[in-house]
There are 2 protein chains.
Amino acid sequence: MADEALSAGTVARRLGVAVTTLRTWHQRYGLGPSEHVPGHHRRYTPADLARLETMRRLTANGVAPAEAARWAVQAPDAALPAPAPAPAPAPGPGPRIERRGARDGGGATIPVGRSGPAARGLARAAMRLDSNAINEVIDRAIRTDGVVTTWDTLLRPVLAGIGERHAATAALIEVEHLVSRCVSEAFAAVVRAHAPHGPPRILLSCADEEQHSLPLEALGAALAETGIAHRLLGARVPVRALLEAVNRTGPAAVVLWSQTRSTADPTQLTALLAGPHRPLLVFAVGPGWRADSLPAGVVRPVDLAEALSLAAAVRDSLDQPAAG
Amino acid sequence: MADEALSAGTVARRLGVAVTTLRTWHQRYGLGPSEHVPGHHRRYTPADLARLETMRRLTANGVAPAEAARWAVQAPDAALPAPAPAPAPAPGPGPRIERRGARDGGGATIPVGRSGPAARGLARAAMRLDSNAINEVIDRAIRTDGVVTTWDTLLRPVLAGIGERHAATAALIEVEHLVSRCVSEAFAAVVRAHAPHGPPRILLSCADEEQHSLPLEALGAALAETGIAHRLLGARVPVRALLEAVNRTGPAAVVLWSQTRSTADPTQLTALLAGPHRPLLVFAVGPGWRADSLPAGVVRPVDLAEALSLAAAVRDSLDQPAAG
DNA sequence: TACGAGTTGCGTCGATTCATGCGTCGATTT
DNA sequence: AAATCGACGCATGAATCGACGCAACTCGTA
């Protein structure tokens with residue numbers, strides 16, 4: 001693979017920095033050619049270049065150089081705020097539930113489609129308002145399949161089914177509340193069970209006016225499951241309060257959830273990026289956000305799993321005096 | 001060079017306090033970086049951080065800052081005075097652990113009045129959005145004093161203080177949300193911990209449009225603690241949904257919570273009594289209800305303890321063959 | 001009940017320290 | 001000969017420093 005060995009000057013020109021800077025980065029941060037004999041010329045392989053590219057993109061987004069370098073060294077291809085967001089339309093992670101079939105009983109049932117027996121069982125327990133049974137099902141599912149899978153294949157379908165019924169029949173409000181509560185509690189239990197390592201560096205918050213916090217709680221539980229500490233603000237967080245929280249706690253990353261388009265005001269993201277304690281990374285998560293209206297420097301994971309892996313990348317970044 | 005030399009700002013963010021506070025702690029209590037040349041930047045080693053962490057934990061538990069600092073300086077890894085430390089008498093109904101030195105003040109704080117050190121610690125933890133500390137304090141309080149006492153002497157005062165501040169300054173919304181969530185989770189944990197004996201015969205529900213469900217959750221947790229199973233519907237339960245739930249589950253008693261007068265529509269109570277599956281007992285709980293407007297046959301406990309004892313009475317009466 | 005004293009967290013201000021990108025210089029590599 | 005190397009130093013803006021003061025809270029006392 002040595003057919004591409006770029007010289008220092010070439011790389012420098014490509015990145016738009018001075019040659020000296022490359023040398024500085026090498027000796028200050030260890031961010032240089034993987035194999036380099038002191039005294040000899042530096043030869044950058046494509047991998048090295050990718051690392052430098054990461055460094056450049058991070059710093060271009062305001063990340064402190066020292067931290068950006070650390071990040072670049074250990075996660076060369078870390079997903080980053082791409083200047084041109086992927087042309088993914090915004091269908092949202094809305095679970096496409098088959099509303100047909102699933103005939104379960106005579107009266108008012110919850111359509112869960114082909115989401116497996118557990119979902120049907122959960123739906124039945126919900127209809128009975130049997131919180132014990134609900135808890136049991138959820139707990140077992142989480143214990144068996146983990147938070148992410150449980151959320152995607154069990155909870156979200158059932159909640160969506162309830163919501164659908166609720167929208168159609170204007171009934172089942174109690175059921176919806178009860179299940180939401182149980183889910184929320186289950187997630188909380190997960191968080192409590194997994195003692196977080198260090199201080200929470202990730203802040204989860206709903207967008208202003210956004211009422212649905214369950215998906216965020218799912219993310220929080222998934223994070224906890226992975227051993228990543230976080231802070232969850234909850235639903236309906238005004239922008240001012242969010243900024244205040246960011247200012248007070250200085251998180252490395254902020255996740256802002258928006259369920260519906262009406263709550264997806266990009267201004268909030270802009271405000272986050274412009275605030276005094278600018279977070280390293282800002283995530284816009286949820287079906288509400290429109291990819292084309294996001295300000296530059298905002299990452300938009302498409303589902304829980306992606307958000308999780310991105311957050312894990314954040315975790316790996318140790319903090320150190322940040323300047324610049 | 002120390003592999004980890006955290007700057008003042010980083011440490012401050014980690015702890016959830018302002019940078020200025022770190023400096024203040026240093027010069028007031030001597031709680032600073034072990035080696036620090038005046039005029040130069042402070043560099044906190046892991047050991048220093050541990051000391052500060054101790055400080056944080058102690059203050060979160062209500063210890064006066066001055067004393068907490070003294071403690072932290074000489075015993076960096078001091079274990080929490082959790083179960084029964086020497087200088088702490090039994091925190092009975094009068095949690096007057098130490099009458100002096102528990103002052104508080106400064107900046108945006110939460111007024112808790114003379115509600116004991118635990119309340120102060122909780123308020124402090126809340127201000128720094130430290131959910132771990134919040135959980136810790138609440139859990140210990142519940143474990144030590146039980147749900148009712150904890151609610152009356154710790155949680156309600158603090159929540160009221162936050163609400164007061166919030167109403168006055170329009171700030172602290174995040175704090176309010178976070179604490180509410182933690183309280184809710186703590187109650188849920190209590191309910192989960194105490195496996196209910198039989199089928200739930202008591203239904204707890206918020207009045208229509210009523211958003212505050214925390215007091216109800218407190219009642220639910222207290223019931224669970226006493227071994228009484230219950231069903232909790234949650235906030236904002238429309239009358240139709242309530243009746244539907246009563247109809248489906250046929251509870252022996254229904255508790256309807258109203259926080260403010262605007263949600264205390266007596267019609268709901270009347271509807272309950274007139275429904276097909278008339279509950280044995282209907283409770284109207286909460287400050288919203290007006291005694292003179294309640295329909296006949298509705299009981300109105302004045303506080304959590306009374307509601308609890310009445311509910312216990314219900315449970316006992318169920319053991320006897322009820323004459324109808 | 002009201003009031004003053006003591007505590008305490010934190011905002012502000014001018015001065016200083018630090019991190020960082022890059023220019024320069026003599027020696028070495030290509 | 002051109003490019004680069006390692007070392008050194010400089011300019012600049014962000015972060016921090018120390019000092020001061022404020023405001024809010026609690027508690028003892030009148």
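In what follows, chains carry the letters A, B, and so on, assigned in the order in which the sequence lines appear, proteins first and then strands, with residues in each chain numbered from 1.
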Notebook entry, point to check: Counting only N and O atoms by type, is there a donor-acceptor contact under 3.5 Å from the side chain of A/T21 to the main-chain atoms of A/V17?
Noted result: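 Side chain of A/T21 to backbone of A/V17: no pair is present.
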Note to self: Any side-chain to backbone donor/acceptor pair from B/H41 onto B/A8? Under 3.5 Å, distance only.
What the structure shows: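 No, B/H41 side chain to B/A8 backbone: no donor-acceptor pair under 3.5 Å.
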Roughly how many Å is it from [atom1] in [X] to [atom2] in [N], rounded to a whole number?
X: B/L172; N: C/dC10; atom1: CG; atom2: C1'; result: 14 Å
X: B/M127; N: C/dG9; atom1: CE; atom2: C1'; result: 9 Å
X: B/R124; N: C/dT7; atom1: CZ; atom2: P; result: 14 Å
X: B/L6; N: C/dA19; atom1: CG; atom2: C1'; result: 16 Å
X: A/E67; N: C/dT20; atom1: CD; atom2: C1'; result: 15 Å
X: A/R13; N: D/dA2; atom1: CZ; atom2: C1'; result: 12 Å
X: B/L58; N: C/dT8; atom1: CG; atom2: P; result: 14 Å
X: B/Q27; N: D/dC17; atom1: CD; atom2: C1'; result: 10 Å

Give a yes or no on whether a salt bridge exists between [X] and [Y], defined as a side-chain N under 4.0 angstrom from a carboxylate O.
X: A/R236; Y: A/E210; result: no
X: B/R124; Y: B/D130; result: no
X: B/R181; Y: B/E185; result: yes

Consider only side-chain N and O atoms of [X] and [Y], and report whether a donor and an acceptor are under 3.5 Å apart.
X: A/S7; Y: A/T10; answer: yes
X: B/R43; Y: B/H36; answer: no
X: A/D48; Y: A/S34; answer: yes

Measuring from the side chain of [X] (C-beta onward, heavy atoms only), which nucleotide among [options] has the closest atom?
X: A/V17; options: C/dC22, C/dG21, D/dG21; answer: C/dC22
X: A/A8; options: D/dT4, C/dT8, D/dT26; answer: D/dT4
X: A/R42; options: D/dG6, C/dC22, C/dG9; answer: D/dG6
X: A/W25; options: C/dG21, C/dC10, C/dG9; answer: C/dG21
X: B/A66; options: D/dT26, C/dT8, C/dG21; answer: C/dT8

Check: Between the side-chain atoms of B/R128 and the base atoms of C/dG9, is any donor-acceptor pair under 3.5 Å?
Finding: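 Answer no: no donor N or O sits under 3.5 Å from an acceptor.
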Check: With respect to the phosphate group of C/dT20, does any side-chain polar atom (N or O) of A/Y29 fall under 4.0 Å of OP1 or OP2?
Finding: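 Result: yes.
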Notebook entry, point to check: Under 4.0 Å between a side-chain N/O of B/S7 and OP1 or OP2 of C/dC18, yes or no?
Noted result: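 Looking at the OP1 and OP2 atoms of C/dC18, neither is under 4.0 Å from any side-chain N or O of B/S7.
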Next item on the list: Please report how far the helix from C/dT1-D/dA30 to C/dT30-D/dA1 bends, comparing the axis fitted to its first five pairs with the axis fitted to its last five, to the nearest 10 degrees.
Entry: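 Here the local axes at opposite ends form an angle of 30°.
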Note to self: Categorize B/H36 for me: base, sugar-phosphate, or nothing, with a 4.0 angstrom heavy-atom threshold over every strand shown.
What the structure shows: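 Sugar-phosphate: the residue B/H36, judged by heavy atoms under 4.0 Å, touches backbone atoms but no base.
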Next item on the list: Test salt bridge (Lys or Arg N to Asp or Glu O under 4.0 Å) on A/R70 and A/E67 and set out the steps.
Entry: CA-CA 5 Å; A/R70 202 164 322 128; A/E67 196 149 355; 5.3 Å; no
Margin query: Walk along nucleotides 23-30 of chain C from 5' to 3' and tag each nucleotide B, S or - by protein heavy-atom contact under 4.0 Å, base first, then sugar-phosphate.
Written below: BB----BS
Margin query: Tell me if the CD atom of A/E35 is crowded by more than 12 foreign heavy atoms within 6.0 Å.
Written below: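 Not more than 12 within 6.0 Å, no.
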